[in-house]
A.B. asks: 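Sharing a structure, written as C-alpha cells. Questions coming.
It should be emphasised that the depicted structure is a prediction, and the values quoted were computed from it without experimental measurement. Heavy-atom basis, side chains included; hydrogens, waters and symmetry copies ignored.
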Amino acid sequence: MPRRESVSSLPKEVKAWLDKSLMEGNFSGYELLESALKERGFQISKSAIHRYGQKFERRLAAIKASTDAARMLTEGAADDQDARSEAVIALVQTELFESIVNLQEATDEDIDPADRIGLLSKAAKNIATLARASVNQKKFRQEVQGRAEAAAANVEKIAKKGGLSPESVQALRREILGIAG
C-alpha cells in the first residue's frame, strides 16, 4: 500500500508557505525547498516536493483556464443563443471529470473507500443533471430557432404581398434570423 504524501501532513501555514514558494519559483528549485523545509524541522525529499508541485501546478492551470474561459464568455459571448449557459455547462462538466480522475488517482490512505463511493455517486448525479440541462438547453435553442424561422417566413410572405423588393425582403429575413450581412 503506498504511503501518504508527506507534503499533505505539513501544518497549514507551512503548506501555504510551500505553495507560495512553488508559485514564486515557477515550480522549480526543489532542492532549495527541501533545505528550507529541513531548516523548519520537516524531512521531505525533493522528489516528494516535486510530485506535490506537479499536482499543484496542474490544479492552478485548470483554475486559470476555467477563470479565463468564464471571463471571455462574460465579455464576448452574445447570449441571444444562450452560448454562455452552454459554455458554463461544459466548464462544469470538465471540472467534474477532472475531479473524478483525481478521485481515482487518490490512494486508499488519501480517502476512505466508502467516502470515495459517496463522492463518485454525487459526481454521477451531478453529471446526469448537467446532461439533462444541456439537452434541455439545446432543445430550447432549436425551438426558438424554429419560431424565428416561422416568423421570418411569415414576414417574407407579408412583405412580398406588400410590394417590398426582393432585397428588402431578404434584409428583413436576415434581421429576424440574426444572420450577418
Side-chain angles (χ1 to χ4, degrees), residues 8 15-16 19-20 22-24 26-27 51-108 110-181:
S8 62
K15 191 168 172 295
D19 291 348
K20 185 177 179 190
L22 284 166
M23 288 186 292
E24 289 174 351
N26 200 24
F27 296 91
R51 281 191 303 275
Y52 172 77
Q54 286 180 317
K55 286 181 186 176
F56 184 55
E57 186 175 17
R58 278 195 308 269
R59 284 196 177 100
L60 284 178
I63 290 168
K64 183 181 183 322
S66 294
T67 303
D68 289 347
R71 187 180 347 23
M72 286 189 309
L73 287 170
T74 302
E75 292 171 357
D79 211 21
D80 54 343
Q81 291 185 1
D82 211 16
R84 287 184 196 162
S85 296
E86 189 174 313
V88 168
I89 289 170
L91 283 172
V92 173
Q93 286 172 326
T94 300
E95 285 297 316
L96 280 171
F97 178 75
E98 174 126 359
S99 296
I100 289 171
V101 169
N102 288 338
L103 189 59
Q104 288 174 332
E105 290 175 353
T107 65
D108 287 342
D110 291 334
I111 186 166
D112 180 63
D115 290 341
R116 181 189 310 254
I117 290 170
L119 290 170
L120 285 171
S121 175
K122 286 180 185 177
K125 189 176 186 180
N126 288 331
I127 288 170
T129 300
L130 281 172
R132 277 192 305 276
S134 180
V135 167
N136 289 337
Q137 187 260 346
K138 288 174 183 159
K139 184 178 174 184
F140 177 73
R141 183 178 26 183
Q142 288 174 343
E143 288 173 8
V144 169
Q145 188 174 357
R147 282 189 239 137
E149 300 246 354
N154 286 337
V155 167
E156 189 174 349
K157 287 178 192 173
I158 293 168
K160 283 180 181 175
K161 281 184 184 175
L164 281 179
S165 70
E167 294 82 21
S168 297
V169 170
Q170 286 307 311
L172 278 172
R173 182 174 180 75
R174 282 193 305 272
E175 188 67 30
I176 291 169
L177 295 177
I179 300 170

A.B. asks: Which pairs would a plain distance check flag for residues 164-172, meaning a side-chain donor or acceptor within less than 3.5 Å of a matching protein atom at least two apart in sequence or in another chain?
C.D. replies:
residue: Ser165; atom: OG; partner: Glu167; partner atom: OE1; Å: 3.4
residue: Ser165; atom: OG; partner: Ser168; partner atom: N; Å: 3.1
residue: Ser165; atom: OG; partner: Ser168; partner atom: OG; Å: 3.0

A.B. asks: If I take atom CD from residue Gln54 and atom CZ from residue Arg51, how far apart are they, to the nearest 0.5 angstrom?
C.D. replies: 9.0 Å
A.B. asks: Identify, with sequence neighbours excluded, every residue that meets side chain to side chain donor-acceptor pair (under 3.5 Å) alongside Asn154.
C.D. replies: none
A.B. asks: Report the residues that fulfil side chain to side chain donor-acceptor pair (under 3.5 Å) with Arg147, sequence neighbours left out, ordered by chain and then residue number.
C.D. replies: none
A.B. asks: Using salt bridge (Lys or Arg N to Asp or Glu O under 4.0 Å) as the criterion, list what pairs up with Lys161, not counting sequence neighbours.
C.D. replies: none
A.B. asks: In chain order, what residues pass the side chain to side chain contact (heavy atoms under 4.5 Å, CB included) check against Leu60, with sequence neighbours excluded?
C.D. replies: Met23, Phe27, Phe56
A.B. asks: By side chain to side chain contact (heavy atoms under 4.5 Å, CB included), which residues pair with Lys15, not counting sequence neighbours?
C.D. replies: Leu10, Asp19, Tyr52
A.B. asks: Taking atom CD of Gln137 and atom CZ of Arg132, what is their separation to the nearest 0.5 Å?
C.D. replies: 15.5 Å
